[in-house]
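These notes concern the structure reproduced below.
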Amino acid sequence: AASTFSNGLAVVAVDIDSELVQYGYIDHTGKMSIPPRFEYAYPFSEGYAIVQNYQRFGYIDTLGHEVLSTKYEVLSPVFHGLFFAGSIEGLALYSVKGRSITPLTKPIYSSVVDFSDGRVLVTRDSLYGFLDSLGHEVIPCQYNTAYAFFNGRATVSKGGKWGIINTLGEVVLPIEYDNSNTRSELYRFHDGFALIEKDGLYGYCGYDGHIGLSPTFEDAYHFSQGLAPVKIFSYWGYIDTTGVFFVQPVFDYASPFEY
């Protein structure tokens with residue numbers, strides 16, 4: 001078996017004997033660049049690959065040199081020069097440059113969810129927060145749920161209510177809105193608007209948190225190509241970003257043009 005190429009190398013599996021398979025890497029010519037000596041190996045990311053031996057993980061570089069010894073129970077791929085490593089008891093954030101590794105936090109985080117917009121979404125004590133690229137907890141772990149930043153905005157919830165924050169942790173949309181069906185698309189921006197819910201009705205807010213279209217629809221989806229499907233008086237139609245019906249509500253169901 002072989003993987004796709006990344007950083008000029010692809011993972012391959014080699015039968016050492018009838019009971020042992022080990023993993024290594026080949027180059028574009030098919031030449032074995034890093035001999036098979038790992039229980040398992042993963043594609044390279046930013047010049048580093050996760051490898052596994054004795055059910056522990058570490059890193060190698062594209063020359064096959066060990067950068068991080070295979071001693072960790074949990075190890076993330078490198079992303080923008082950062083990675084998390086640790087055990088099921090706790091993860092720490094590290095930076096890596098060449099073969100130099102610098103710890104940025106103590107191993108106090110239980111999971112790493114996503115890296116985006118210069119923020120790292122993490123959980124600690126079952127609460128979500130965000131780190132910056134230096135490991136500072138710039139947005140404290142205080143939310144019951146949070147989604148990764150996208151274009152400078154993130155969806156968060158606290159005490160069963162939902163809202164939107166910016167990368168400084170400032171509240172853009174007050175955390176007082178609903179998400180009765182836990183729909184991940186709510187409070188995420190499309191075409192400059194985010195779908196919101198209040199008391200079982202749906203509307204839209206702008207990027208600055210201003211309520212552009214008050215929650216008056218029985219159901220709705222996000223905007224796409226300047227139109228959003230909405231349900232009113234039991235029928236679906238499409239509105240434009242001003243709230244005017246572009247397609248009258250005459251359908252039993254309607255979906256976004258791009259989902």
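Here the side chain of E197 pairs a donor or acceptor atom with the backbone of S180 at under 3.5 angstrom. Here the side chain of N181 pairs no donor or acceptor atom with the backbone of R183 at under 3.5 angstrom. Although no hydrogens or angles enter the test, the distance criterion places a donor-acceptor pair under 3.5 Å between the side chain of K198 and the main chain of E176. Of the possible polar contacts, none joining the D61 side chain to the G47 backbone as a donor-acceptor pair under 3.5 Å is found.
I139 and L131 fall into different hydrophobic clusters, where Ile, Leu, Val, Met, Phe, Trp and Tyr are joined by side-chain heavy atoms under 4.5 Å apart, directly or via other members. V120 and L104 fall within the same hydrophobic cluster, where Ile, Leu, Val, Met, Phe, Trp and Tyr residues are linked whenever their side-chain heavy atoms come under 4.5 Å apart, directly or through other members. Transitive grouping of hydrophobic side chains (ILVMFWY, heavy atoms separated by less than 4.5 Å) keeps F130 and L127 in distinct clusters. In the hydrophobic cluster analysis, where Ile, Leu, Val, Met, Phe, Trp and Tyr join through side-chain heavy atoms closer than 4.5 angstrom, L91 is grouped apart from F57. Residues L93 and V138 fall into different hydrophobic clusters, defined by Ile, Leu, Val, Met, Phe, Trp and Tyr side chains chained together at heavy-atom separations under 4.5 Å.
For Y54, the side-chain contact (heavy atoms from CB on, under 4.5 Å) test picks out E39, with sequence neighbours left out. Under the ring-ring contact (aromatic ring centres under 6.0 Å, His included) criterion, Y143 pairs with no residue, sequence neighbours left out. The salt bridge (charged side-chain N to carboxylate O under 4.0 Å, His left out) check on R56 picks up E73, with sequence neighbours excluded. For D178, the salt bridge (charged side-chain N to carboxylate O under 4.0 Å, His left out) test picks out K161, with sequence neighbours left out.
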Apply the test side-chain contact (heavy atoms from CB on, under 4.5 Å) to residues I175 and V156: give CA-CA distance (whole Å), side-chain angles for both, the deciding distance (0.1 Å), then the verdict.
CA-CA 8 Å; I175 305 172; V156 296; 3.9 Å; yes
Stepwise, does the side-chain contact (heavy atoms from CB on, under 4.5 Å) test hold for T145 with N179?
CA-CA 11 Å; T145 307; N179 193 347; over 6 Å; no
Could you go step by step and tell me if Y204 and V230 meet the side-chain contact (heavy atoms from CB on, under 4.5 Å) rule?
CA-CA 11 Å; Y204 299 88; V230 297; 3.6 Å; yes
W236 vs D219, side-chain contact (heavy atoms from CB on, under 4.5 Å): CA-CA, chis, key distance, verdict:
CA-CA 9 Å; W236 288 82; D219 203 348; 3.7 Å; yes
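The shortest distance between side-chain heavy atoms of Y48 and N7 does not fall below 4.5 Å. With contacts defined as side-chain heavy-atom distances shorter than 4.5 Å, the pair V51/Y25 qualifies. Residues L9 and T62 meet the side-chain proximity criterion, which asks for heavy atoms closer than 4.5 Å. Residues R153 and I165 fail the side-chain proximity criterion, which asks for heavy atoms closer than 4.5 Å. The shortest side-chain heavy-atom distance between I211 and L173 falls under the 4.5 Å cut-off. Looking at S184 and Y147, their side chains come closer than 4.5 Å, going by heavy atoms from C-beta outward.
The distance from atom NE2 of H80 to atom OG of S116, rounded to the nearest 0.5 Å, is 10.0 Å. To the nearest 0.5 angstrom, S87 atom OG is 12.5 Å from L75 atom CG. The CG atom of L213 sits 8.0 Å away from the OG1 atom of T241 when rounded to the nearest 0.5 Å. With rounding to the nearest 0.5 angstrom, the CG atom of L82 is 6.5 Å from the OG atom of S95. Atoms OH and CD, from Y40 and Q55 in turn, are 14.5 Å apart once rounded to the nearest 0.5 Å. Separating the OH atom in Y187 from the CG atom in L195 is a distance of 8.0 Å, to the nearest 0.5 Å.
Of all heavy-atom pairs spanning V74 and I88, the tightest one is CG2-N, 4.3 Å. In terms of heavy-atom proximity, V21 sits nearest to A13 at CG1-CB, 3.9 Å. Considering every non-hydrogen atom in both L186 and T155, the closest pair reads O-OG1, 3.8 Å. What you find for Y128 and A146 is that their closest heavy atoms are CB-CB, 3.7 Å. Closest non-hydrogen pair, S224 versus P256, comes out as CB-CB, 4.5 Å. I196 and P215 make their closest contact through CD1-CG, 4.1 Å (heavy atoms, listed as atom of the first residue, atom of the second, distance).
By the 30° and 60° cut-offs, the orientation of the rings of Y59 relative to F83 is perpendicular. F79 and F115 have tilted rings, their planes meeting at an angle from 30° to 60° on a 0 to 90° scale. Between H190 and H222, the two ring planes are parallel [angle under 30°; tilted spans 30° to 60°]. Under the 30°/60° scheme for interplanar angles, the aromatic rings of Y221 and Y253 are found to stand perpendicular.
With a 6.0 Å cutoff to the six-membered ring centre and a 45° limit on the axis angle, K231 does not count as a cation-pi contact of F217.
The salt bridge (Lys or Arg N to Asp or Glu O under 4.0 Å) contacts involving residues 115-137 comprise R124-E137, where partners must be two or more places apart or lie in separate chains. Sequence neighbours left out, not one pair with a member in residues 5-34 passes salt bridge (Lys or Arg N to Asp or Glu O under 4.0 Å).
More than 12 heavy atoms of other residues, nucleotides or ligands shown are found within 6.0 angstrom of CZ on F245. Crowding of Y235 atom OH: a count of heavy atoms from other residues, nucleotides or ligands under 6.0 Å not exceeding 12.
For Y177 and W162, the distance between ring centers is not under 6.0 angstrom.
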